[in-house]
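In what follows, a structure is listed as structure tokens, so that the remarks can point back to it.
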Amino acid sequence: MKKIYLDNAATTRVAPEVLEAMKPYFTDKYGNASSLHDFGLEAAEALEESRKTLAGVINAKPEEIVFTSGGSESDNQAIKEIAFSKGPNHHIITSSIEHPAVLKTCEFLEKMGFEVTCLPVNKEGSISLDDLEKSIKDKTILVSIMHANNEIGTIQPVREIGRICREKGVLFHTDAVQSFLKIPIDVKEMNIDLLSASSHKLHGPKGVGLLYVRSGVKINPLIHGGGHESGLRSGTENVAGIVGFARACRLCRIPDNKVKELRDRLIEGVLEIKDCWLNGAKGDKRLPNNANFSFKFIEGEALVLRLNDSGVAASTGSACSTKSLKPSHVLMAMGLSHVEAHGSLRLTLSRYTTKEEIDYILKVLPGVVEDLRKISPLGGK
Amino acid sequence: MAYMYSKRVMELFRHPKGCRKMENPDAVGEAGSFLCGDIMKVYLKIGKKKDGLFIKDISFQSFGCVANISSSSQTVELAKGKTLDEAIKIKNMDIVRKLGSLPSVKIHCSVLAVDALREAIYNYLKGKKLPIPKEVLESHKRVQKELKEVEHMREKVLK
């Protein structure tokens, strides 16, 4: 059976060019970048070359890039270490639809004596700049608002958030794991002080990410040790992974209009199904590769596994798909009812997605939905 | 491919049995989970044989996950042909055992299936003004309380 991968917000396939670029760093150029011999120098050079590439794509300086193990680590370091450097009894602002790596970190800091404000979002999943401005007080040290949401793809007004934070003298961190190289980011122009990104969302390997720290921002390491990454992240660098991350970046195109066109074709086709709607924003306020729907009367886990039987890999915000049995906190924050969040389906494309694949899912999805509605007591059939 | 679910669960999910709305049922039972928002409906047709009333036909409808659908389907299989006295004795762990296993967070789906069955039996006995066994009365009280908690979710989606 044909297998169609439409879960690219979860992770992506490693591009063949990326794998090729990484290979020598496992087999021949396997040196420790801290070593003094040729093996070490070779690794160190590759590391610095990659750092330049990654800095370049967001208009940062190479020394402002810290390589980490991924988005979660970057988020943790940004938030915890800014907080700890200022001490308890300070105030942090975030939003109710952040990734758990941010939300759980903020919850942890709350227990450690910090005050946290979680900004609400409107039904499209956007925060209000007014709310943000009103929430900033003397004790506020950090605002952490994601660039684009992982479930619904809504893009936050990061430029305006950056401007407000800079005016008020508050640091601004953004989790850009989903948006990185999908939409333009300029850390200088957008007044971003800290930014998290991850390699495996853009056809790079898993286990690699970065934290951008604007020069002048004082931050401590989360991981202490041999003082790698200018003392900001100890542990022998994952050279092969970092090289792969940089190679993956060079393969990305912004904007990728082909992906957007296919995504729009998908949305248009799916919305022909009765009693279903698109969750999140429309047009430019949405990531070009994201579509998220709710289907009335049915449950997402059953939907995802039925689609899997048809060869389509998708994802859901249903309570049943989680260990906690709570539906997606993002959809709930946008004002969806429990039942509406229950029937949600996320389809996320990549540059490898084809028109044939989109047409295939448009062919099988109505039948799967119809089938599950037939057995639902809510469907009225 | 290995799922978090047993082979039997996946089999019943893919090919559920007795998964339909019944025309002119003798009784209907409904249960809902405040834990996850799942809702289940069981339909019964009751017949008479020497040893008493029995379940002549049974079907279900489910708004819920894979575990929910397969638990309902397994309950249908277990309860069909049983006398009401026997059907009342079906426990949720009987369903789990028949399914092979259920992930611990999904055990409540099997509880829901048994609850919906008992509700249908309760409604039948009540309608016929027959005596209602203690265990059925007890589960009825609990189920009604839980249904109230999921009611607002339903109202919103049915609008």
Side-chain angles (χ1 to χ4, degrees), chain A residues 1 3 123 274-277 294-313 315-328 331-332 334-345 367-381, chain B residues 1 3-5 9-22 28-43 59-70 72-73 76 103-109 112 116 147 149-159:
Chain A
M1 187 176 49
K3 287 214 173 196
K123 66 180 199 305
K274 230 180 98 192
D275 290 323
C276 114
W277 64 87
S294 276
F295 297 89
K296 268 190 175 183
F297 317 125
I298 58 177
E299 187 282 320
E301 189 200 43
L303 185 56
V304 163
L305 288 192
R306 279 284 166 95
L307 280 174
N308 187 49
D309 282 347
S310 305
V312 178
S315 148
T316 175
S318 163
C320 296
S321 71
T322 63
K323 290 191 179 92
S324 66
L325 296 175
K326 282 185 191 137
S328 149
L331 298 175
M332 298 294 273
M334 287 159 63
L336 264 72
S337 73
H338 199 112
V339 165
E340 290 165 337
H342 230 33
S344 76
L345 178 74
V368 169
V369 170
E370 175 74 26
D371 225 36
L372 288 171
R373 278 183 179 162
K374 261 188 212 152
I375 68 172
S376 167
L378 304 180
K381 276 183 188 168
Chain B
M1 199 71 77
Y3 291 95
M4 64 185 281
Y5 292 117
V9 169
M10 286 308 288
E11 191 184 301
L12 283 176
F13 164 65
R14 289 188 175 116
H15 310 285
K17 290 173 185 140
C19 180
R20 64 193 152 80
K21 191 175 172 178
M22 191 185 284
V28 183
E30 190 178 5
S33 163
F34 63 92
L35 271 176
C36 62
D38 284 357
I39 296 164
M40 197 181 290
K41 238 178 179 172
V42 165
Y43 302 84
S59 73
F60 74 92
Q61 284 187 300
S62 149
F63 170 70
C65 64
V66 173
N68 193 311
I69 292 170
S70 42
S72 322
S73 189
V76 163
S104 56
V105 293
K106 302 282 188 174
I107 294 288
H108 68 276
C109 293
L112 210 57
L147 270 176
E149 293 178 51
V150 288
E151 193 117 2
H152 67 281
M153 310 175 187
R154 287 188 55 201
E155 273 169 12
K156 218 170 163 182
V157 80
L158 288 172
K159 259 180 215 161

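Every chain is numbered from 1 and lettered A, B, ... according to where its sequence line falls, protein lines coming before strand lines. Fair warning: this is a prediction, and the values are worked out from it, not measured in the lab.
Counting all heavy atoms, side chain and backbone alike, Arg306(A) lies closest to Pro16(B) at NH2-CD, 3.9 Å. Taking both residues in full, the closest heavy atoms of Val66(B) and Glu299(A) are given as N-OE1, 4.4 Å, listed atom of the first, atom of the second, then distance. Considering all non-hydrogen atoms of both residues, Ile375(A) and Cys19(B) come closest at CG2-SG, 2.6 Å. Taking each heavy atom of Phe297(A) and Phe63(B) in turn, the nearest pair found is O-CD1, 3.0 Å.
Residues passing the salt bridge (Lys or Arg N to Asp or Glu O under 4.0 Å) test with Asp275(A): none are found, sequence neighbours excluded. In this structure, Phe60(B) has no ring-ring contact (aromatic ring centres under 6.0 Å, His included) partners at least two apart in sequence or on a different chain.
Looking at Pro103(B), there are no atoms closer than 4.5 Å to chain A (heavy atoms on both sides), in backbone or side chain.
The shortest distance between side-chain heavy atoms of Asn68(B) and Glu301(A) does not fall below 4.5 Å. Taking 4.5 Å as the limit, every side-chain heavy atom of Leu378(A) sits out of range of all side-chain heavy atoms of Gln61(B).
The distance from atom CE of Met10(B) to atom CG of Asp309(A), rounded to the nearest 0.5 Å, is 5.5 Å.
Contact count versus chain B (heavy atoms, under 4.5 Å) is highest, among Val304(A), Ile298(A), Leu372(A), for Ile298(A).
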